[in-house]
2 protein chains.
Amino acid sequence: MLNYSPDQENLPLPAANLQTLARWLKALSEPKRLLLLDRIIQGVQCNCELGDELDMAPNLISHHMSVLREVGLVNAERDPFDGRWVYYSINRTALDQLNAVFGDFFTPERIQPRRLTCGPQAIASNQTRNT
Amino acid sequence: MLNYSPDQENLPLPAANLQTLARWLKALSEPKRLLLLDRIIQGVQCNCELGDELDMAPNLISHHMSVLREVGLVNAERDPFDGRWVYYSINRTALDQLNAVFGDFFTPERIQPRRLTCGPQAIASNQTRNT
DNA sequence: AGAATAGTTCAACATACGTTGAATTATATT
DNA sequence: AATATAATTCAACGTATGTTGAACTATTCT
C-alpha cells in the first residue's frame with residue numbers, strides 16, 4: 001500500500017523519539033549487555049546458561065537484565081513447570097520500534113548541507129543585504 | 001591540539017564486531033550528544049549556533065563533539081576563509097557502517113527460539129536419555 | 001604588535017554506573 | 001517442616017562521566 005502522507009524525511013525528529021532512542025541506546029551501550037542480548041537473540045535465554053557462556057556472576061546477569069527489562073527491550077518469564085528458572089527473551093514489539101526509530105534518525109537521507117547562518121559567509125551576506 | 005583535516009577515512013575497521021557497535025552506541029547514548037548529532041545532520045554545524053539552539057556552553061559542546069569525533073562518527077574542519085570557525089559534519093562512511101552493523105545485530109531474522117539445554121526440560125530429557 | 005574572537009583544554013566536583021560478596025526472596029524437593 | 005536451588009536485592013566500592021568555570025590556543029582584525 002502506498003503512503004500518501006506528506007514526505008517527512010527532512011523534518012526534525014520528534015523530541016520524544018529522541019529521548020526514547022537515547023534511553024534504548026544507553027541500555028545497549030554497555031558491552032556486556034550487548035553480549036547478553038546477543039546470546040538471548042540466539043536462543044540462550046536461561047540465566048544460568050548465560051552465566052556459563054559469558055563467565056558472569058548470576059547477580060551481575062540479573063542486574064544487566066533488569067536494565068534491559070526496564071527499557072522494555074526484553075521480557076522475563078518463569079518456567080511454568082519449575083518456577084525457579086527464569087527465561088529471558090527479546091521483546092519483539094520493542095525491537096521493531098527500536099529499528100524504526102533508529103532507522104529514522106540515522107538514515108542518510110536526512111543529511112542536509114551546512115546552513116550558512118553562521119561564520120564569515122553569513123556575516124558577508126548580512127552586510128550585502130544591509131548596504 | 002586537534003587535527004582539523006577532513007578525516008573521512010580515519011576509522012579503524014573491525015566494524016562487524018560487538019565491541020565496535022558498543023563503542024558507537026556508548027557515544028550515542030548521551031541525550032545531548034544525540035541532540036547535537038540531530039542538529040548536525042540537519043545542517044546546523046557551527047559550534048556557536050549549536051550552542052544557541054541547544055543552550056549549551058561552548059566548552060560542553062566541544063567536549064561532546066570530541067567524544068563523537070573519537071569514535072569516528074563526525075568530522076570537524078575549520079572555515080577556509082576564517083579559521084576561527086569550526087564546522088562539524090557527520091562522517092558518511094561511519095554512518096553507513098553504523099547502520100549496517102546495527103541492522104545486522106538487531107534484525108528480527110536473527111531471533112531464535114529458546115534452546116532447551118537448561119531448566120527442567122533439559123534435565124528430564126537427560127534422564128530419559130540415560131535410562 | 002596588541003586586542004578580539006571562536007574553540008579547546010584543564011582542574012575540580014558531583015553523580016551515575018559496573019562490579020563484587022553477602023543477605024534475601026521465590027520456588028521446589030526431600 | 002526443613003533443606004536445596006535459582007534468581008534477585010542490598011550494601012559497598014572504585015571508576016567513569018557530564019558539567020562548570022578558568023586558563024589556554026588558534027586565528028583574525030585593527
Side-chain angles (χ1 to χ4, degrees), chain A residues 22-23 25-37 40 44-52 54-71 74-88 114 117-124 127, chain B residues 1-5 22-23 25-37 40 44-52 54-71 74-88 117-124 127:
Chain A
R23 241 166 73 89
L25 294 184
K26 196 173 179 185
L28 296 170
S29 66
E30 158 57 36
K32 292 190 177 173
R33 278 201 289 272
L34 256 198
L35 267 175
L36 284 166
L37 199 55
I40 289 172
V44 180
Q45 300 172 357
C46 176
N47 198 336
C48 56
E49 208 169 10
L50 287 168
D52 286 350
L54 302 180
D55 198 32
M56 294 170 62
N59 55 349
L60 227 201
I61 296 185
S62 276
H63 166 250
H64 285 309
M65 296 314 296
S66 83
V67 173
L68 290 173
R69 277 199 316 170
E70 271 167 18
V71 298
V74 308
N75 308 317
E77 56 183 334
R78 300 194 103 101
D79 187 293
F81 300 110
D82 186 338
R84 289 174 295 183
W85 269 272
V86 170
Y87 305 125
Y88 301 108
R114 180 167 71 84
T117 50
C118 211
Q121 288 104 329
I123 294 170
Q127 288 180 346
Chain B
M1 194 50 166
L2 287 173
N3 171 17
Y4 282 100
S5 54
R23 239 166 75 89
L25 295 184
K26 195 173 180 185
L28 295 170
S29 66
E30 157 59 36
K32 291 189 178 172
R33 279 202 288 271
L34 255 198
L35 268 175
L36 283 167
L37 198 56
I40 289 171
V44 180
Q45 300 171 358
C46 176
N47 197 336
C48 56
E49 208 170 9
L50 288 168
D52 286 352
L54 302 180
D55 198 30
M56 293 171 62
N59 56 347
L60 228 201
I61 295 186
S62 275
H63 167 250
H64 285 309
M65 295 315 296
S66 83
V67 173
L68 291 173
R69 290 191 59 204
E70 270 167 18
V71 299
V74 308
N75 307 318
E77 54 184 334
R78 300 194 103 102
D79 187 293
F81 300 111
D82 186 338
R84 289 173 297 182
W85 269 272
V86 170
Y87 305 125
Y88 301 107
T117 49
C118 209
Q121 289 104 329
I123 294 170
Q127 287 180 348

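Computed from a prediction, not measured in an experiment: that's the story for all the values here.
A donor and an acceptor atom sit less than 3.5 Å apart, one in the side chain of A:Asn59 and one in the base of C:dG21.
Whole-Å rounding puts the A:Glu70 CD to D:dT9 P distance at 9 Å. We find that CG of B:Leu68 is positioned 10 Å from P of D:dG18, with the value rounded to whole Å.
Taken together, the paired segments of DNA chain C that extend over three or more consecutive Watson-Crick or G-U pairs, each closer than 3.5 Å at both contacts, are C:1-30 with D:1-30.
For B:Lys26, no side-chain nitrogen or oxygen approaches OP1 or OP2 of D:dA16 to under 4.0 Å. Within the 4.0 Å cut-off from OP1 or OP2 of C:dG7, not a single side-chain nitrogen or oxygen of B:Tyr87 is found. Between B:Tyr88 and C:dA6 there is no side-chain N or O to OP1 or OP2 distance below 4.0 Å.
Across all strands shown, A:His64 has heavy atoms under 4.0 Å from sugar-phosphate atoms exclusively, and none from any base. Within the nucleic acid shown, A:Arg69 has no heavy atom closer than 4.0 Å to any nucleic acid atom.
Each of D:dA7, D:dT27, C:dA16 was ranked by its minimum atom distance to the side chain of B:Arg84; first place goes to D:dT27. When distances are taken from the side chain of A:Ser62 to each of D:dA7, D:dT19, C:dT8, the shortest belongs to D:dA7. Closest to the B:Glu30 side chain, of the nucleotides D:dT19, D:dA7, C:dT19, is D:dT19. For A:Arg78, taking side-chain heavy atoms from C-beta onward, the closest of the listed nucleotides C:dA26, C:dT19, C:dG7 is C:dA26.
For the atom pair CG of B:Leu50 and CD of B:Gln45, the computed distance is 8.5 Å after rounding to the nearest 0.5 Å.
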Solution key, residues 58-68 of chain A side-chain donor-acceptor pairs under 3.5 Å, sequence neighbours excluded:
{"residue": "A:His64", "atom": "ND1", "partner": "A:Arg33", "partner atom": "NH1", "Å": "3.2"}
{"residue": "A:Ser66", "atom": "OG", "partner": "A:His63", "partner atom": "O", "Å": "2.8"}

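By the side-chain contact (heavy atoms from CB on, under 4.5 Å) test, A:Asp52 pairs with no residue at all, sequence neighbours left out.
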